[in-house]
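Presented below is the structure to which this report refers.
When a ligand or atom number is given, it counts from 1 through the structure's own listing order.
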Amino acid sequence: MNQPNDSSAAIHIAARLAEIEQFHVVTLVTRAFELEAQGKKIVNMVIGEPDFPTPQPIVDAGINALRHRQIRYTPSLGGDDLRGKLQQWYLTRYGVDLPKSRIAVTSGSSGALLLTMGAMLSPGDEVLMADPGYPCNRHFVRAMEGKAVTVPVDADTGYQLTAELVGKNWTPRTVAVMVATPSNPTGTLIPLDRLKEIHESVRRNGGVLIVDEIYHGLTYGFDSHSALEFADDVFVINSFSKYFCMTGWRLGWMVLPEAYVEHVEKLAQNLYISNSDVAQQAALAAFNSETLAILEENRYKFQQQRDYLLPALRDLGFDIPVEPQGAFYIYANCSKFTQDSYGFCWDVLEKAGVAIAPGIDFGQHRAGEHVRFSYPKPVPVLEEGVRRLRQYLKV
Ligand SMILES: Cc1ncc(COP(=O)(O)O)c(C=O)c1O
């Protein structure tokens, strides 16, 4: 506790906050906005969200709900109609027949991850995850008094965990393993057979596998397979944010093992009562054929954007040993230019007007040698970014 002085009240900051880091990307974005306010045009390849608007049928369904319904609390695990749509989605998309009771609608996949950790972790319990990986995962675990154990991964495993790495890093305190396929920041997938091996290893050790499938739908030339196709004892996390282009609506979901449902429900009831009713009403239109046609068109454009940027970055001298097959990120080794990717990103922003994310945002392992490019932008914008980088790097 900081002692009060005459002019201020006592301030109590939880000890756990010392272990929760800032998102450097956000500081970079703030500076990018400042530069834009000064009249500079910034090519923004930092933010991890689609450039496309929410599909019109979803927006219309939201507006319709606002006009014609009372907007109320919904059941904590989501409205029955949306859970029904999700149930149908798993059947048609993956051939998986789930009971609705195992589907929980959440506030983005962030909400799902927080509930998962809240339901599973006792103080000091360990969760294994890849480094590099989505930074908030460490912090969800820490916020719920667990301990995130990051496992360095490299190009040889497609920047993903393997059953072998899980086995090597398991301790008596390990309770869960988290993977994301496709991954942020690398855009790489875990092939289905390797995912099954990881699941088997986690199961043998008496833990739980959490699979973040938030970038499902955004794969290029590969099908997205859900872990639910072969297991019903996993936590599968998903969201309307990315494929469905609904980041700001803050809606996601998860599919959880039956034994956890009542515990997760109790947490959801207490932590936030329910998710946004409007967002849920809008999302009911997410699975209709008109919307899916728009989303598939978007996916085609994402693929074109990747297909432009990947060779262009390699041509500039960035080393990208594994082709990103999904999401909308390229994780590039920049050691030809710097060992300090953090300083590099700031310099590139100030001098070239291009915003990219430093490796440090995604972990510690070889972070200084890597940057992440987020490419959901029209190809001409990406071309301008590459032109500026070429000039800056003098290549
Ligand atoms: C891998 C991964 N998981 C979860 C999230 C959280 O997304 P949301 O809460 O918008 O669903 C993100 C966001 O970028 C992500 O990249």
Checklist entry - Leu28: what forms a side chain to side chain contact (heavy atoms under 4.5 Å, CB included) with it, not counting sequence neighbours? => result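 Leu28 satisfies side chain to side chain contact (heavy atoms under 4.5 Å, CB included) with Cys345, Trp346, Leu349, Pro358 only.
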
Next on the checklist: Please verify the inter-ring angle class for Phe287 with Trp89; under 30° counts as parallel, over 60° as perpendicular, anything in between as tilted.
Outcome noted: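 The arrangement is tilted - the two ring planes meet at 30° to 60°.
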
Next on the checklist: For Phe302 and Phe328, take the angle between the two ring planes, folded into 0 to 90°, and tell me which bin it lands in: parallel under 30, tilted 30 to 60, perpendicular over 60.
Outcome noted: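 Judged by the thresholds at 30° and 60°, the geometry between Phe302 and Phe328 is tilted.
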
Item to check | ring pair (Phe, Tyr, Trp, His ring centres under 6.0 Å) against Phe318, all qualifying residues, sequence neighbours excluded | outcome: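 Residues passing ring pair (Phe, Tyr, Trp, His ring centres under 6.0 Å) with Phe318: Phe337, Phe373.
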
Item to check | side chain to side chain donor-acceptor pair (under 3.5 Å) partners for Tyr243, two or more places apart | outcome: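 Residues passing side chain to side chain donor-acceptor pair (under 3.5 Å) with Tyr243: Glu296.
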
Checklist entry - For Thr188 and Glu323, which heavy atoms make the closest approach, and how far apart are they? => result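 Here Thr188 and Glu323 meet closest at CG2-O, 4.4 Å.
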
Checklist outcome for this item: Sorted by chain and residue number, the residues with a non-hydrogen atom under 4.0 Å of ligand 1 are Gly108, Ser109, Ser110, Tyr134, Asn184, Asp212, Ile214, Tyr215, Ser239, Ser241, Lys242, Arg250

